[in-house]
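Encoded as structure tokens, the structure appears first; notes follow it.
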There are 2 protein chains.
Amino acid sequence: MQPQTLDHVMLALADPTRRAILDRLQREGEARVTDLAAPFAVSLNAVSKHIRLLERASLVRRRRSGREHFLSFNPAPLDEAAAWIEEKRAFWTKRLDALERALVEDDAAKQRLRKGRKR
Amino acid sequence: MQPQTLDHVMLALADPTRRAILDRLQREGEARVTDLAAPFAVSLNAVSKHIRLLERASLVRRRRSGREHFLSFNPAPLDEAAAWIEEKRAFWTKRLDALERALVEDDAAKQRLRKGRKR
DNA sequence: CCTACATTAAACCTTTTAGTTGAATATATG
DNA sequence: CATATATTCAACTAAAAGGTTTAATGTAGG
């Protein structure tokens, strides 16, 4: 994957219209440009441009059939994005786990102390 | 979380300098603006602006101590981003699993046919 | 007090995003 | 063929991103 691809994927996801387009393609499969544009308050041309950004990120594929263009969702580029984010989250989870272990250990030590005092 | 926050988080991640800054803060903990800027070929002011975008997305926190500002990584906003992406990926995995099951079932049916013919 | 340091603010430039409207292109259909 | 439909292209505007340089602000240290 080219180095700027992750940039393109993240940027493509940084807009509610484009995320909604991907949502729909995921739920309903192939759709035409006109169909995709219908729910939005912007022009068909604006949606056409959004689709171009999604294509640049390889998040949608285009199949031409006569005058109609059928777009479909391609989730493959999400792998790298997910990997990047999860690596950051995994680290945090590890830190939280370590904190929890420390607290549990501390608690156990206090318990031992209490028991020791009782006897 | 406000509706535009996911936009800000995704946009913040759509730049290699900002991702590198988050990487470093994750690995090494707190750092000053000057320290963060050092590895990059751009001006200190450019990095200061990148940090502002990261703060807008709540991905970094700022602690002032005299004339120094210490930045730290806040992974919390990544949750929503990861959730969005994973929901899209989970769907795809499910589809692949379904496809695999269908192929295995088809194969099993062929096996049954072959065995039936032999006997 | 003076000077150096850490950082932001302000002004400016260029490129990209995001949108519009109007024309062009290609394909269906009566 | 004539007309309607589906889509992009081109030109334009406005705003945001990403960068620079030159102040301005605040703090630390002799």
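Numbered from 1 within each chain, the chains take letters A, B, ... in sequence-line order.
Proximity of residues 61-72 of chain A to DNA chain C (heavy atom under 4.0 angstrom from any strand atom) is restricted to A:Gly66, A:Arg67. Residues from residues 29-39 of chain B with heavy atoms under 4.0 angstrom of DNA chain D: there are none.
Among all heavy-atom pairs drawn from B:His50 and B:Thr17, the shortest one is CD2-CG2, 3.8 Å.
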Output a table of donor-acceptor pairs, distance under 3.5 Å, between side-chain atoms of residues 52-61 of chain B and any protein atom two or more places apart or on a different chain; print 'none' if there are none.
from: B:Glu55; atom 1: OE1; to: B:Arg62; atom 2: NE; distance (Å): 3.3
from: B:Glu55; atom 1: OE1; to: B:Arg62; atom 2: NH2; distance (Å): 2.6
from: B:Glu55; atom 1: OE2; to: B:Arg62; atom 2: NE; distance (Å): 3.0

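Residue A:Ser48 places at least one side-chain N or O under 4.0 Å from the OP1 or OP2 atom of D:dT8.
Residue A:Glu30 holds its CD atom at 10.5 Å from CG of A:Leu36, rounded to the nearest 0.5 Å. In this structure, CG in B:Asp7 is found 8.5 Å from CG in B:Leu11, a value given to the nearest 0.5 Å. Annotation: the span from A:Thr34 atom OG1 to A:Leu44 atom CG amounts to 5.5 Å, rounded to 0.5 Å.
Of the possible donor and acceptor atoms, none in the side chain of B:Arg19 sits under 3.5 Å from a partner among the backbone N and O of B:Ala12.
Two residues are said to be in side-chain contact when any heavy atoms from C-beta on lie closer than 4.5 Å; B:Arg24 and B:Asp35 meet this criterion.
Within the structure, salt bridge (Lys or Arg N to Asp or Glu O under 4.0 Å) pairs that include any residue of residues 66-75 of chain A comprise A:Arg32-A:Glu68 (at least two apart or interchain).
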Under 4.0 Å protein heavy-atom contacts per nucleotide of nucleotides 17-25 of chain D, with B for base, S for backbone only and - for none: SSBBBB---

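Listed by chain and residue number, nothing satisfies the side chain to side chain contact (heavy atoms under 4.5 Å, CB included) test with A:Ala83 (two or more places apart in sequence, or in another chain).
Checked for salt-bridge contact, B:Asp23 and A:Lys88 meet the test: a charged N lies under 4.0 Å from a carboxylate O.
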